[in-house]
Amino acid sequence: MRLLILTQYYPPEIGAPQNRLHELAIRLQKSGNEVEVLTAMPNYPTMEIFDGYRKGLIKEEVIDEIPVHRAKIYVSKSSGIVSRLLNYFSFVWTSYWRGRKLEKFDFLMVESPPLFLGYSAMALSRKLKAKLIFNVSDLWPESAEKLNIVNNKFLLSFAYRLEKRCYDRATLITGQTQGIVDNIVNRFKYEKVHWLPNGVNLDFYNPANISPSNLREKENLSKEDVVFFYGGIIGHAQGLDTVLEAAKLVENEKNIKIILQGAGPVKNDLLEKAKSMNLHNVMFREPVAKNEMPGILKAVDVALVPLRKLEIFEGAIPSKIFEALSMELPLLLGVGGEAKMHFVENGQCALFCEPENAKQMAEQMIYLSVHPQERKKMGENGRRYANEHFNRNQIAKNLIEVLKRWES
């Protein structure tokens with residue numbers, strides 16, 4: 001089987017879709033399939049083309065034995081709607097013109113969002129005689145509308161029509177969470193939808209083989225400090241204002257420290273808010289490379305996983321959960337619905353706080369800070385649950401079995 005993965009985001013960029021798609025590609029290739037990737041010049045999250053990729057329109061490379069074809073993309077540090085659309089549509093155009101020169105494939109899997117990449121995917125699937133797999137990691141434009149990121153009625157109507165067209169054209173639709181799968185099935189009455197969850201490499205994130213990083217030393221933290229850690233996109237969806245408000249409520253608990261690591265569109269706003277609130281128990285850190293994350297997770301005590309209180313997030317499972325579970329970190333989970341069912345009720349590896357409820361988050365922080373044995377037990381439960389339900393090896397194996405039904 002020959003598979004082409006079309007995605008705007010891919011290593012050496014760091015982030016959830018980059019890691020997820022690369023890990024999937026490696027496992028599919030190791031199972032005897034031929035996998036190639038068509039992607040953009042790396043630029044996320046800095047919105048600057050990385051060093052080593054700036055000369056020429058096209059770059060070819062091999063990453064972990066996966067051939068990677070890169071096409072030019074427009075990037076700008078502006079967060080305005082025009083710049084964002086230019087960013088998306090420039091890669092729609094260049095990815096098609098680069099991809100049409102490739103050999104034929106059996107399947108083309110496109111990552112959405114950005115939804116607009118569906119245009120290139122549909123055209124390339126015809127050109128390369130490949131069956132289209134439309135992989136949905138976020139229900140765009142629905143989430144963009146409910147987060148008030150996009151409120152232009154014409155643009156939303158246009159995007160909803162494109163969403164349906166992409167789904168209709170696809171041979172198979174894959175959804176990252178069961179909530180996404182259920183949403184698509186309920187709205188469009190398809191039977192061609194498969195749950196393709198995110199997961200974790202339990203060998204890479206293995207606390208038995210990892211030494212803690214020097215994070216505590218760098219941030220002047222003591223062994224007695226209980227460190228609550230958020231690592232990921234600092235964006236609109238995460239509701240990290242709530243974390244700052246909770247931090248204010250626990251500021252008299254001298255051993256509670258909070259680290260927010262990452263980059264994103266609201267980071268500067270959060271920095272300003274933390275400064276105006278005179279918070280001394282919150283530290284901000286820049287994102288780090290993937291190979292540094294196991295050591296950082298080994299050095300902290302609890303993983304913070306918040307989201308905004310929106311109905312659409314009832315089916316969300318943030319990817320940062322899986323690495324934390326694999327490293328035997330308990331979760332302080334500010335996400336309801338599917339995530340709560342998995343990790344609070346079934347896995348017993350998390351404490352729940354209502355999304356955007358700073359008081360409840362603060363209370364749970366205090367509880368976890370004074371119950372180290374419960375933290376330890378939840379951490380052990382988490383790694384076991386991740387192995388049973390979110391092991392990347394099994395996820396790839398399940399996808400191969402599904403694709404065999406459509407191969408002929």
Is it true that, when you exclude [X] itself, more than 12 heavy atoms of the residues, nucleotides or ligands shown sit nearer than 6.0 Å to its [atom1]?
X    : atom1 : value
E103 : CD    : no
E345 : CD    : yes
N186 : CG    : yes
I233 : CD1   : no
K275 : NZ    : no
E60  : CD    : yes
W93  : CH2   : no
R165 : CZ    : no

When rounded to the nearest 0.5 Å, the distance separating NE2 of H194 from CG of L403 is 8.0 Å
dist Y385:OH -> I321:CD1 (nearest 0.5 Å) comes out at 11.0 Å
Is the closest side-chain heavy-atom distance between N281 and L279 below 4.5 Å? yes
Donor-acceptor contact below 3.5 Å, side chain [X] vs main chain [Y]:
X    : Y    : result
D106 : R2   : yes
S326 : V200 : no
T39  : R70  : no
R285 : Q261 : no
R375 : L329 : no
K192 : A170 : yes

Mind telling me whether F343 and F322 have parallel, tilted or perpendicular rings, with 30° and 60° as the class edges? perpendicular
With no hydrogens and no angle check, do the side chains of T94 and R98 hold a donor and an acceptor under 3.5 Å apart? no
If the threshold is 4.0 Å, N to carboxylate O, is there a salt bridge linking [X] and [Y]?
X    : Y    : value
E374 : K377 : no
K376 : E380 : yes
E23  : R27  : yes

Residue pair Q178, E338: steps toward the side chain to side chain donor-acceptor pair (under 3.5 Å) verdict: CA-CA 8 Å; Q178 193 61 55; E338 189 172 338; over 6 Å; no
Of K309, K340, R308, the residue whose pairing with E354 passes salt bridge (Lys or Arg N to Asp or Glu O under 4.0 Å): K309
